[in-house]
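A quick note: this is a predicted structure, and the numbers were derived from the prediction, not measured.
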Amino acid sequence: QVQLVESGGGLVQAGGSLRLSCAASRLTFSSYVMGWFRQALGKEREFVAAMSWSGGSTAYLDSVKGRFTISRDNGKNTVYLQMNSLKPEDTAVYYCAADRSSRVRISGTMYEHWGQGTQVTVSS
């Protein structure tokens, strides 16, 4: 059974940084687009960032462009989300997800596998 395990969440002050990690197992990691999504309390899940299997193509939510960076290490079956200049509105549970696609997609319904999520809380 495919497993995606997120880590790196926590409490940080506005303006601070966090680096999320997502370790994947039991899947051919290099064949998957990897994405990050988030869901704030009382809100719908939203796309944050995604990267193609080669790393050559990325997509970002407009509100995180220039602050967040997605990266991956196919040798370690791990995808990362570096989050800088965090704002209180970034507070949410962050999920990583895997999509066996040849191109980056931003719809969560396209992603087959999901992690359990990690909480990110940004205080003002």
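In this structure, Arg100 fails the cation-pi test against Trp53, since its NZ or CZ atom is not both closer than 6.0 Å to the six-membered ring centre and inside 45 degrees of the ring normal. Phe29 carries Arg72 over the face of its six-membered ring, with the cationic atom under 6.0 Å from the centre and within 45° of the normal.
Here the side chains of Arg67 and Lys87 are in contact, with some heavy-atom distance below 4.5 Å. Arg103 has its side chain within reach of Ser101: a pair of non-hydrogen atoms, C-beta onward, lies under 4.5 Å apart. Residues Asp90 and Met83 have side chains not in contact (no heavy-atom distance under 4.5 Å, counting atoms from C-beta outward). A heavy-atom distance below 4.5 Å is not found between the side chains of Met34 and Met51. The side-chain heavy atoms of Leu86 and Leu18, taken from C-beta on, include a pair separated by under 4.5 Å. No side-chain heavy atom of Thr69 sits under 4.5 Å from any side-chain heavy atom of Tyr80. Two residues are said to be in side-chain contact when any heavy atoms from C-beta on lie closer than 4.5 Å; Phe68 and Asn84 fail this criterion. Inter-residue side-chain proximity for Val12 and Thr121 is flagged as unmet; no heavy-atom pair is nearer than 4.5 Å.
Distance check, rounded to the nearest 0.5 Å: OG1 of Thr91 to CD of Gln119 gives 7.5 Å. Here the OG-CG distance, from Ser30 to Asn77, works out to 8.0 Å after rounding to the nearest 0.5 Å. Note that OG of Ser7 is 8.0 Å distant from CG of Leu20, once rounded to the nearest 0.5 Å.
Residues Leu81 and Val64 share a single hydrophobic cluster, defined by chaining ILVMFWY side chains whose heavy atoms lie under 4.5 Å apart. A single hydrophobic cluster is seen to contain both Ile70 and Val120, as judged by linkage of ILVMFWY side chains at heavy-atom distances under 4.5 Å, directly or through other members. Met110 is connected to Val104 through a chain of hydrophobic side-chain contacts under 4.5 Å among Ile, Leu, Val, Met, Phe, Trp and Tyr, so both are in one cluster. The hydrophobic cluster containing Leu4 does not contain Phe47, counting ILVMFWY residues as joined when their side-chain heavy atoms lie under 4.5 angstrom apart, directly or transitively.
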Test salt bridge (Lys or Arg N to Asp or Glu O under 4.0 Å) on Glu46 and Arg38; report intermediate values, then the result. CA-CA 5 Å; Glu46 66 177 351; Arg38 67 187 182 187; 2.6 Å; yes

Check against side chain to side chain contact (heavy atoms under 4.5 Å, CB included), Val93 and Thr118: CA-CA 5 Å; Val93 177; Thr118 185; over 6 Å; no

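By the 6.0 Å contact criterion, CD1 on Ile106 is open, its count of non-hydrogen atoms from other residues, nucleotides or ligands being 12 or less. Counting heavy-atom neighbours within 6.0 Å of Gln116 CD, excluding the residue itself, gives a total of 12 or less.
Screening Tyr95, Phe37, Tyr32 for a side chain to side chain contact (heavy atoms under 4.5 Å, CB included) involving Tyr111 leaves a single residue, Phe37.
Asp73 and Thr78 form no side-chain donor-acceptor contact under 3.5 Å, judged by distance and modelled atom types alone.
Nearest heavy-atom pair across Ser123 and Leu11 is CB-CD1, 4.4 Å. Ser52 approaches Gly56 most closely through the heavy-atom pair OG-N, 3.3 Å. When all heavy atoms of Ser124 and Ala14 are compared, the closest pair comes out as CA-CB, 4.4 Å.
Glu6 places a side-chain N or O within 3.5 Å of a backbone atom of Gly117 that can act as its donor or acceptor partner.
A salt bridge links Lys65 with Asp62: at least one charged nitrogen is closer than 4.0 Å to a carboxylate oxygen.
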